[in-house]
Number of protein chains: 2
Amino acid sequence: MAEVSAVGTRQERKRRTRQALLDSALKLLEDTSLAGLSLREVTREAGVVPTAFYRHFPAMDDLGVALVEECMRALREMLRSARRKPSDDAIRGSVAILVDHVARYQAHFRFLIRERYGGVAAVRRSIAGELRLLGSELATDLARYRGMADWDAEDLRMVADLMVGAMLSVVTALLDVAEDPRARAEVVAVAEQQLRLIALGMTHWRRPL
Amino acid sequence: MAEVSAVGTRQERKRRTRQALLDSALKLLEDTSLAGLSLREVTREAGVVPTAFYRHFPAMDDLGVALVEECMRALREMLRSARRKPSDDAIRGSVAILVDHVARYQAHFRFLIRERYGGVAAVRRSIAGELRLLGSELATDLARYRGMADWDAEDLRMVADLMVGAMLSVVTALLDVAEDPRARAEVVAVAEQQLRLIALGMTHWRRPL
DNA sequence: GATTTCAGTGAACGTGCGTACACCGAAAAG
DNA sequence: CTTTTCGGTGTACGCACGTTCACTGAAATC
């Protein structure tokens, strides 16, 4: 059970309680989905009385949407890391960054994967919108690559979406293997090969034209 | 609300009631996830009294697992259709079959996608196991293709998993666009391109060796 | 025809839930 | 110093839930 200390200004204390609710929810969501999570469980875990919940969120759905925003902050931070990678092997470097971030924000990624097609419509919409944005960002990143200047926007988007999909598959696989280091290494190896195969397809894409 | 007719032998009537429970659950699951579905809702929809549920399933989790089996039957039927395709364009033909099946078994596919990482552990495990099997089947299918005889099992498996992942992405996209025929055509076009890009990567995979 | 089986019934229970409401006390505002 | 604001409290309510148990009546078995 989390305890919120009593020090600080009033709005600071409110912010901390809100964060405690988000953290508690995320912790409990390792075992169930948002649809199976009760308001009372969350407040119990956070160490406040049930009715205090309403001082921060109108309903559980809204807490879910707030959690999506928190998760997306982590995802964007990851993309930023990948952008300033001085690696000579872009694929290996990107996968390494992905693995690192999934390990650090395990609960966040699990929530994202689970609720992407989960039972709460508002959360689904929120995740879909954010992922679409992420696809756009990746597409513009790809456009800056050597030898891709002549790609049209549609094809860039198509490849970017394929890569986002593959990335999320890898995240899922990583969450499944959890702590087993041998299985983890296998997942990483397969992910690198899959991306390499996609890259191989890209270098030959409509080149004959 | 479904009504189970009173004709037929006893075990036949039992089978029909069981199916009514499965159908009712699947219908209700279009709006929520399994974790958010109550036993009483399902029996209400099926037109039986709550306690009758226990004559067929020990708990909701078990109904969920039974639903997974039903969904997988649909998926296997799809693979069988794809296997006896006389199409000269394998990719276009496969995608067409996929689109057709998703349209026919929309609720089943939605359930599968939603519960794959949903809140019920037993169902998750069941789906993961079935998909792994599906990957194996696809890998052996691929091995029979012209020019893939020299691929080793590991690489076949890697490609098969990439394709299963891409396929599930397409299913998801199809479920999202639902009825809009223009968006649907766009999804189909992108899916074909993505598979074509993967195929392109395959033809150049380790060929230099 | 008598007996057994069993899918479906109906009433009743304890529980945990979301939410309404009046209240408190310290921080913020005047 | 006085007043206002407001995050958190405690009680209390009605409701839907899962599960129990004894019961029914027609089909299956003998």
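Letters A, B, ... mirror the listed sequences (proteins, then strands); counts begin at 1. Computed from a prediction, not measured in an experiment: that's the story for all the values here.
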Out of curiosity, B:Arg83 CZ to B:Arg76 CZ, how far, rounded to the nearest 0.5 Å?
9.5 Å
Starting at CD of B:Gln11 and ending at P of D:dA28, how long is that distance when rounded to a whole Å?
8 Å
Taking CG from A:Leu39 and P from C:dG18, how many angstroms apart are they, rounded to a whole number?
5 Å
Please check if the number of heavy atoms outside A:Arg184 that lie under 6.0 Å from its CZ is greater than 12.
yes
Just the rounded figure in Å: distance from C1' of C:dG18 to CZ of A:Phe57.
17 Å
Could you walk me through whether B:Val42 and B:Met60 satisfy the side chain to side chain contact (heavy atoms under 4.5 Å, CB included) test, starting with their C-alpha distance in whole Å, then the side-chain angles of each, then the deciding distance to 0.1 Å, before giving a yes or no?
CA-CA 10 Å; B:Val42 175; B:Met60 275 294 274; 4.1 Å; yes
Whole Å only: how far is the CZ atom of A:Arg13 from the P atom of C:dG25?
14 Å
Length of the CE-P vector between A:Met60 and C:dC17, whole Å:
11 Å
Return no unless some side-chain N or O of B:Ser38 is found under 4.0 Å from OP1 or OP2 of D:dC17.
yes
Side chain of B:Val49, heavy atoms from C-beta onward: which of D:dT9, C:dT9, D:dA28 has the nearest atom to it?
C:dT9
Rounded at 0.5 Å granularity, tell me how far CZ in A:Arg15 sits from CD in A:Gln11.
9.5 Å
Just call it for A:Thr9: base, sugar-phosphate, or nothing, with non-hydrogen atoms closer than 4.0 Å on any strand.
sugar-phosphate
How many Å lie between CD on A:Glu12 and P on C:dA28, as a whole number?
11 Å
Starting at atom NE2 of B:His56, determine the distance to atom P of C:dC6, rounded to an integer number of angstrom.
13 Å
Which part of the nucleic acid, if any, lies within reach of A:Tyr54 when heavy atoms closer than 4.0 Å are counted: base, sugar-phosphate only, or nothing?
base
Rounded to the nearest angstrom, tell me the gap between atom CZ in A:Arg16 and atom P in D:dG7.
14 Å
Whether A:Arg55 contacts C:dT19 is assessed here as follows: a side-chain N or O lying under 4.0 Å from the phosphate OP1 or OP2. Is that the case?
no
Sub-3.5 Å donor-acceptor pair from the side chain of A:Glu41 to the main-chain atoms of A:Leu28, do we have one?
no
Of C:dT9, D:dG7, C:dC17, the nucleotide closest to the side chain of A:Lys14 is D:dG7
Which sits closer to the 5' end of DNA chain D, A:Ala52 or A:Arg40, going by the nucleotide each is nearest to?
A:Ala52
Does a nitrogen or oxygen in the side chain of A:Thr51 sit under 4.0 Å from OP1 or OP2 of D:dG10?
no
